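Okay, so here's the structure we're looking at.
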Amino acid sequence: MAESRYTLTSYDPVYVVAEEVRIPEEVIKQQAVRWMQNTLAKPGETAKLTDAWIKSHSDDFKNVDELLIFIRYNMYRDNREIQELSDQDAVCRELSKRLVEELPEDLIDQAVYDANARLEDMIARQGMSIDEFCKQRGISEAQLYEDTKERTIQSLKEDSALEAYAAHAGLTLDAEDFYAIIPGDNIQDKAHKRKQIELDGRLEQMEEYALKTKALKEIMENAMIKRKETDTEWLRYGDTSKDVLNANKQFPDSFVGM
C-alpha cells in the first residue's frame, strides 16, 4: 500500500508545454479517399484524390487542398479526446516532479510485479511468446520489461502527486463525482449504476480513484499551457479548453494546405 499521505513542493498551477497531437497526413488522405468513395463516387466508380476528380464531382470543393482541410477539421474534431488525454499526461508528468517523498520500494516492487503479470497475460492471450512479441516490435526482452517498469513507476508518481493535491486542497466527494468514473449513456444510467455499486459494497473501493479524478479536473482547469516552446503566451487550460480541444480554431496552422 502507498503511504497515506504525500506532499508536493508546490501546489501552484502547473506550467507545461503540451504538444498538439498531429494526425499523420497519410491517414488524412486515406480518410479523404474513403469519404469521396462513399459520398461522391457513382456506383462502380473509383474515387481519386486529384484536383480534376474532385472538381468534376463536388460542388463544395475545387481541389485536393480544400477537401483535405475539410477532412482534417473533422478528424481533429472527432479526436479531441485524444488531445485532452495527451494534455493530461503532460500536466501529470510535470506535477509528479513536485513529489517530495520517495516511493517505498515494496510499493514499487509489487506494482512492477503486477504490471509484468498483466503484460505476460496479454501476450499469452495473443498466442505469442515473449520472444515473438519482442521480435515483432524490434526490442529486446530486457527493454520490454524496463519500459514496463518505467511506465509503472511514473504512474505511481502521478497517482501519488494527485493524492497529495487532493489532500492539500481538502477535496471531498459528492455523488456526482462518482459519475465521472462510472461509464454510462446519461446521468440516470450512471446514477443507477452508482446505487448498485453502493449496494454491492464496492463504493468505498472507488473513492480513491474518484478523488484523484476530481483533483485532476481541478489541476487541469488551472494548468497553464503552451503548444510550442516558442509560443509567447501561456493559456489557462480551463479558460481555453474548448479551443484547446478544437484544434482547427486554436491552431490554424494545422489546417493549411499541404
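Hydrogens, waters and symmetry mates are skipped; everything else that's a heavy atom, side chains included, is used. For this chain, numbers begin at 1 and follow the sequence in order. These numbers come from a predicted model, not from an experiment.
Separation of atoms CD1 (Ile23) and CD1 (Ile82) is listed at 7.0 Å; rounding is to 0.5 Å. In this structure, the separation between OG1 on Thr9 and CG on Leu99 is 9.0 Å, given to the nearest 0.5 Å. With rounding to the nearest 0.5 angstrom, the CE atom of Met224 is 8.5 Å from the CZ atom of Arg236.
The two residues Cys134 and Glu141 have their closest heavy-atom pair at SG-CA, 3.6 Å. Of all heavy-atom pairs spanning Ala161 and Ser96, the tightest one is CB-CA, 3.9 Å. Across all non-hydrogen atoms, the minimal contact from Thr152 to Ala115 is OG1-CB, 3.3 Å. The minimum heavy-atom distance between Gln83 and Val21, with the atom names listed, is OE1-N, 2.8 Å. Taking each heavy atom of Tyr11 and Ala164 in turn, the nearest pair found is CE2-O, 3.7 Å. Among all heavy-atom pairs drawn from Glu163 and Glu208, the shortest one is OE1-OE2, 4.1 Å.
Two residues are said to be in side-chain contact when any heavy atoms from C-beta on lie closer than 4.5 Å; Glu66 and Asn63 meet this criterion. The closest side-chain heavy-atom distance from Ile225 to Val17 is not below 4.5 Å. Between His57 and Met36, the closest side-chain pair of non-hydrogen atoms is not below 4.5 Å. Looking at Thr213 and Met206, their side chains never come closer than 4.5 Å, going by heavy atoms from C-beta outward. At least one side-chain heavy atom of Leu171 sits under 4.5 Å from a side-chain heavy atom of Leu211. With a 4.5 Å cut-off on side-chain heavy atoms, Gln136 and Glu132 do not count as touching. Considering only heavy atoms from C-beta on, Ile54 comes within 4.5 Å of Leu49 through its side chain. Leu40 is not listed as a side-chain neighbour of Glu45, based on a closest heavy-atom distance of 4.5 Å or more.
Put simply, Val33 and Phe61 are part of the same group of oily side chains (I, L, V, M, F, W, Y) that touch within less than 4.5 Å, one to the next. Using a 4.5 Å cut-off between side-chain heavy atoms of Ile, Leu, Val, Met, Phe, Trp and Tyr, with links allowed through other members, Leu68 and Phe70 fall into the same hydrophobic cluster. Criterion: ILVMFWY side-chain heavy atoms under 4.5 Å apart, direct or through other members. Under it, Leu162 and Ile153 are part of a common hydrophobic cluster. Cluster annotation: Val91 is not connected to Leu85 through the hydrophobic network of ILVMFWY side chains, with a link wherever side-chain heavy atoms come within less than 4.5 Å. Under the 4.5 Å side-chain contact rule for hydrophobic residues, Val27 and Trp35 share a cluster.
Here Glu218 does not pair with Lys214 in a salt bridge; the nearest charged N to carboxylate O distance is not below 4.0 Å. Ion pairing between a basic and an acidic side chain is recognised when a charged N comes within 4.0 Å of a carboxylate O; Glu25 and Arg72 show such pairing. A salt bridge links Asp131 with Lys135: the closest approach of a Lys/Arg side-chain nitrogen to an acidic carboxylate oxygen falls below 4.0 angstrom. One finds no salt bridge joining Asp147 and Arg137 here, because no Lys/Arg side-chain nitrogen approaches an Asp/Glu carboxylate oxygen to under 4.0 Å.
In this model, no donor atom of one side chain and acceptor atom of the other lie less than 3.5 Å apart for Ser160 and Glu101. Between Asn116 and Glu120, the side chains place no donor N or O within less than 3.5 Å of an acceptor N or O (distance only, hydrogens not considered). For Gln37 and Arg34, the side-chain atoms include no donor-acceptor pair closer than 3.5 Å. Residues Glu19 and Ser86 have side chains that never bring a donor and an acceptor to within less than 3.5 angstrom of each other.
Using modelled atom types, no side-chain atom of Ser58 and backbone atom of Lys55 make a donor-acceptor pair closer than 3.5 Å. Counting only distance, with no hydrogens or angles, the side chain of Asp239 and the backbone of Leu235 share no donor-acceptor pair below 3.5 Å. Remark: side-chain polar atoms of Arg98 are paired, donor with acceptor, to backbone N or O of Ser10 under 3.5 angstrom.
Within the cation-pi definition used here (under 6.0 Å to the ring centroid, within 45° of the axis), Lys226 qualifies as a partner of Trp234.
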| task | In sequence, state the C-alpha distance, the side-chain angles, and the governing distance for Asp159 and Lys212, and then conclude on side-chain contact (heavy atoms from CB on, under 4.5 Å). | result | CA-CA 7 Å; Asp159 280 350; Lys212 291 175 183 176; 3.6 Å; yes
| query | Which is it for Asp106 and Gln110 under the side-chain hydrogen bond (donor to acceptor under 3.5 Å, both in side chains) test, yes or no, and what are the steps along the way? | reply | CA-CA 6 Å; Asp106 58 341; Gln110 185 62 51; over 6 Å; no
| said: Under the criterion salt bridge (Lys or Arg N to Asp or Glu O under 4.0 Å), I'd like the reasoning laid out for Glu221 against Lys217: C-alpha separation, chi angles, the key distance, then a yes or no. | reply: CA-CA 6 Å; Glu221 284 287 314; Lys217 181 179 179 180; over 6 Å; no
| query | Step by step, would you call Ile219 with Leu95 a side-chain contact (heavy atoms from CB on, under 4.5 Å)? | reply | CA-CA 9 Å; Ile219 291 166; Leu95 184 72; 3.5 Å; yes
| message | Go through it in stages, so that I can follow the logic: the residues are Asp87 and Met220, the test is side-chain contact (heavy atoms from CB on, under 4.5 Å), and I'd like the CA-CA distance, side-chain angles, deciding distance and then a yes or no. | response | CA-CA 9 Å; Asp87 294 339; Met220 291 301 299; 4.1 Å; yes
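With sequence neighbours left out, Arg125 forms a salt bridge (charged side-chain N to carboxylate O under 4.0 Å, His left out) with Asp121. Every salt bridge (charged side-chain N to carboxylate O under 4.0 Å, His left out) that Lys97 has, sequence neighbours left out, goes to Glu94.
With Gln154 as the fixed residue, the side-chain hydrogen bond (donor to acceptor under 3.5 Å, both in side chains) test singles out one of Lys157, Glu158, Arg151: Glu158.
No more than 12 heavy atoms of other residues, nucleotides or ligands sit less than 6.0 Å from atom OH of Tyr113.
Hydrophobic cluster membership for Phe133: Leu119, Met122, Ile123, Met128, Ile130, Ile139, Leu144, Tyr145 (Ile, Leu, Val, Met, Phe, Trp, Tyr linked by side-chain heavy atoms under 4.5 Å, directly or transitively).
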